[in-house]
Amino acid sequence: MGSRRSPIGVGQHCMGIDCEGSTCVAEQAEKQGVVTYIQRMNRRAIEPCLFGQGGTCCRICSFGPCMMIEDVPESIGLCGATPATVAARNFARMVAGGASAHMDHALETALAFLAAARGESDYKIKDEKKLHALAEVFEIKTEGRSTKDIAIEVGEKALAEFGRQEGGLYCIKRAPEKRQELWKKLGVTPRGIQREVVEIMHRTHMGTDQDYRNLIFQATRCALADGWGGSMISTELQDIMFGTPVPIRAVVNLGTLSKDEVNVVVHGHEPILSEAMALVSQEPEMIEAAKKVGAKGINLVGVCCTGNEVLMRHGIPVAGSFIQQEIVLATGAVEVMVVDVQCIMQSLPAVAGCFHTEVITTSDRAQIPGAEHIEVHHHNAVNTARQIIQRAIDRFPQRGETNIPQNKMDIVAGFSHETINHMLGGTFRASYRPLNDNIINGRIRGVGAVVGCDSMRVRSGHVHTTVVKELIANNVLVLVTGCAATACGRAGLLTPEAAELAGPGLREVCETVGLPPVLHMGSCVDNSRILMAATAIVREGGLGDDIYQVPAAGCAPEWMSEKAVSIGHYFVASGVFVVFGRTFPTTGSKVLTDFLFKEFEDLYGGMWAVESDPVKMAQLMIQRIEQGREALGIQETQERVLYDMEMRRELE
């Protein structure tokens, strides 16, 4: 196991950045004139706009921006729009923005999958079992057909989901029947993937939909099209094409950078290129080329969710989360950082310019001034990967002094829904029954999801890990994704040994099965795995017949992006209690916030909450879990009974 160190601050904003000795990478970089988010916050004292933060600033026409205070009667827009209407429009547009990021990712994955199925790219079908399972969801006949034919039809049907206009999405049928019936009754069943985003943008245009309830109705339909549509399709197709993750040991933190190897960093969200980079970086010809310039080899590491993708499937280390992307470059040890889409700071080329590092953008959707652009498509990913790695090799001789911390931590990642099912029940009796039984008997109190980004506005990583430690100490099994997962890895929470921090019931189960108390389930798009796990718990029986009845809750303690809003909302609409940290985008309107935080539960069984204090956040989740247990009549812990022969005869 790696060493554990406490973060050391640079001013007041060195939040969660691990340091070696007394000198933080960011502090040393500042002395060299490198500007990162830490200096930007300290020097400019950038504070959020209270109107914008609370959702009551309207700028959808040229009359504005109109900034409103709900408690002031005359504080409405020039067109007459109320604060509740404006906040609902802004919330809906955040859902649309976040959902579209996942949907566009999924569209690119579907195109790559179809090319692979047709034999038009270097990718192959790796998980035939999952291919057949998805074919069944898409109502595709498989008996007597070749893998190629099945894969092509799966790809075509997946692609058609994006342009579908009516009839409902195939993956919606994976939800519990009661949940499907509720969505149908409320009219929020998605009709297609892209249609729901388009309709939000139309409804929120000036002078269109002006009823906050009706606006949230469409935001809900769009969010469901994300979670049970785009995100789920993306995860499923990536698993089939690149391999479904299984538990794998790896390492995280800045110490994964190498002093004597060529360091190549992949950053972003789409695994099309990073999968190719993982393969090419180990080719003998590439390694030999690295040795010719004085390096011992090639060290590929990840940042953000692309890092999570290659971590789960290849054990490639994650050097940092969203908040650490500039700090990774500030070590001076990176030859090339290659980025695709989402959560990429525009400042990266400026930081890289202080060193020998090159930043390369690869998507036609996302270019950055000052970065080199090398476009990548699924049909040329492998050759482009070789080109990029060769550029990194060529830069290695230019490397100057480096500042690489020694901090790194062992983790276990790769817990897909299928993996959990297998680990609990085994090869021949794969089942969620052991999990359900241990929730019913009280050893496991319930399930908590801790997901999302990390934030510049808090002590990054600390909030995530504090929530998680509080949950597992109270016998709550925790599922993590995205940058929340990376933070938990840095804190040593993603290993079986972390069960020592869990309550006695959860610890007993983890030690018996060999699971960590905190399960790394992937990148932010992989939150659909948690939906599948929740549905599996319902179908296993004993914990109700809908997701809202399961003793479970979710949170995004350090959320920052529109994607987090869409993710949170599709969980709420699926029946889950969800807590956001620090702020919520509708608090400027009490009318709308009360609707989402209170009335929504009557409609969907799930609702929103907001809490800044991480311990209080965890306690809110535990309280919700306890309410679920009480409603099921399982609030009392059941003692284990060892039956003797006489007791067994009585049962018979």
Side-chain angles (χ1 to χ4, degrees), residues 106-107 109-114 116-118 123-164 166-181 183-184 189-193 224-246 416-422 424-433 521-522 525-541 545-547 570 574:
L107 178 61
T109 300
L111 291 169
F113 180 89
L114 193 53
R118 291 169 175 166
Y123 300 117
K124 309 293 181 187
I125 302 302
K126 288 189 175 181
D127 192 334
E128 293 188 20
K129 183 178 180 181
K130 193 157 190 174
L131 172 67
H132 281 252
L134 190 58
E136 184 177 347
V137 173
F138 284 149
E139 300 176 2
I140 295 170
K141 294 181 180 179
T142 58
E143 188 174 352
R145 301 181 66 190
S146 68
T147 297
K148 180 177 181 179
D149 286 345
I150 296 168
I152 289 173
E153 189 170 354
V154 165
E156 290 172 343
K157 284 209 168 184
L159 199 57
E161 294 288 83
F162 293 87
R164 182 188 286 272
E166 57 185 14
L169 304 175
Y170 280 108
C171 285
I172 285 289
K173 299 172 186 176
R174 295 177 129 184
E177 289 185 13
K178 284 287 184 70
R179 183 60 30 177
Q180 294 180 52
E181 291 169 5
W183 290 334
K184 185 176 181 180
T189 302
R191 299 155 296 181
I193 292 178
L224 291 172
D226 175 1
W228 295 90
S231 287
M232 192 168 286
I233 286 172
S234 178
T235 293
E236 297 294 276
L237 295 185
Q238 286 173 183
D239 283 353
I240 295 168
M241 189 164 43
F242 303 136
T244 301
V246 296
S416 61
H417 151 64
E418 293 84 356
T419 296
I420 297 171
N421 199 31
H422 172 79
L424 290 172
T427 301
F428 299 105
R429 291 189 294 181
S431 169
Y432 271 66
R433 188 74 256 159
M521 295 195 75
V525 78
D526 291 330
N527 280 297
S528 57
R529 297 191 197 278
I530 301 178
L531 293 178
M532 290 298 297
T535 300
I537 290 172
V538 171
R539 288 184 175 159
E540 190 58 47
D545 54 11
D546 197 356
I547 293 173
Y570 70 62
S574 297

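Since we're looking at a predicted model, the values are computed, not measured.
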Exercise. Of all residues at least two apart in sequence or in a different chain, which pass the side chain to side chain contact (heavy atoms under 4.5 Å, CB included) check with Glu139?
Worked result: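 In terms of side chain to side chain contact (heavy atoms under 4.5 Å, CB included), with neighbours along the sequence ignored, Glu139 is linked to Tyr170, Lys173.
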
Problem set entry | By side chain to side chain contact (heavy atoms under 4.5 Å, CB included) - contacts of Ala117 (at least two apart) |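 Counting only residues at least two positions away or on another chain, Ala117 forms a side chain to side chain contact (heavy atoms under 4.5 Å, CB included) with Ala151, Ile152.
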
Electrostatic pair [X]-[Y], nearest N-O below 4.0 angstrom:
X      : Y      : value
Arg174 : Glu236 : yes
Glu181 : Lys184 : no
Arg529 : Asp239 : yes
Arg118 : Glu156 : yes
Glu540 : Arg433 : yes

For this session: Applying salt bridge (charged side-chain N to carboxylate O under 4.0 Å, His left out), name anything that partners Arg539, two or more places apart in sequence or on another chain.
Result: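 Checked Arg539 against salt bridge (charged side-chain N to carboxylate O under 4.0 Å, His left out); zero matches.
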
So how far is it from [X] [atom1] to [Y] [atom2], rounded to the nearest 0.5 Å?
X      : Y      : atom1 : atom2 : value
Met241 : Thr109 : CE    : OG1   : 6.0 Å
Arg145 : His132 : CZ    : NE2   : 9.5 Å
Ile537 : Ile547 : CD1   : CD1   : 9.5 Å

Exercise. Do the side-chain N and O atoms of Thr147 and Glu128 include a donor-acceptor pair separated by under 3.5 angstrom?
Worked result: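 Yes.
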
Problem set entry | Ser231 and Ser234: side chain donor to acceptor below 3.5 Å |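 No - no donor-acceptor pair under 3.5 Å links their side chains.
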
Residue pair [X] / [Y], side-chain heavy-atom distance below 4.5 Å:
X      : Y      : value
Ile240 : Lys126 : no
Val525 : Thr235 : yes
Thr535 : Val538 : no
Leu169 : Trp228 : no

For this session: Kindly indicate, with the supporting measurements, whether the criterion side-chain contact (heavy atoms from CB on, under 4.5 Å) is fulfilled by Leu531 and Ser574.
Result: CA-CA 8 Å; Leu531 293 178; Ser574 297; 4.0 Å; yes

For this session: Begin from the C-alpha positions of Glu418 and Met532 and carry the test side-chain contact (heavy atoms from CB on, under 4.5 Å) through to its verdict.
Result: CA-CA 9 Å; Glu418 293 84 356; Met532 290 298 297; over 6 Å; no

Heavy atoms only: give me the nearest [X]-[Y] pair and the separation to one decimal.
X      : Y      : result
Phe162 : Ala110 : CE1-CB, 4.2 Å
Pro190 : Ala225 : CG-N, 3.5 Å
Leu131 : Ile125 : CD2-CG2, 4.1 Å
Thr244 : Ser416 : CG2-OG, 3.6 Å
Lys157 : Phe138 : NZ-O, 3.0 Å
Ile193 : Gly229 : CD1-C, 4.0 Å

Problem set entry | Over 12 non-hydrogen atoms of neighbours within 6.0 angstrom of NZ in Lys178 |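 Counting other residues, nucleotides and ligands, NZ of Lys178 stays at 12 neighbours or fewer.
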
For this session: Apply the test side-chain contact (heavy atoms from CB on, under 4.5 Å) to residues Phe113 and Val154: give CA-CA distance (whole Å), side-chain angles for both, the deciding distance (0.1 Å), then the verdict.
Result: CA-CA 9 Å; Phe113 180 89; Val154 165; 4.0 Å; yes

For this session: Could you go through the salt bridge (charged side-chain N to carboxylate O under 4.0 Å, His left out) check for Lys141 and Glu153 one step at a time?
Result: CA-CA 10 Å; Lys141 294 181 180 179; Glu153 189 170 354; over 6 Å; no

For this session: Check the pair Gln180, Thr189 against side-chain contact (heavy atoms from CB on, under 4.5 Å), reporting the backbone distance first and the verdict last.
Result: CA-CA 8 Å; Gln180 294 180 52; Thr189 302; over 6 Å; no

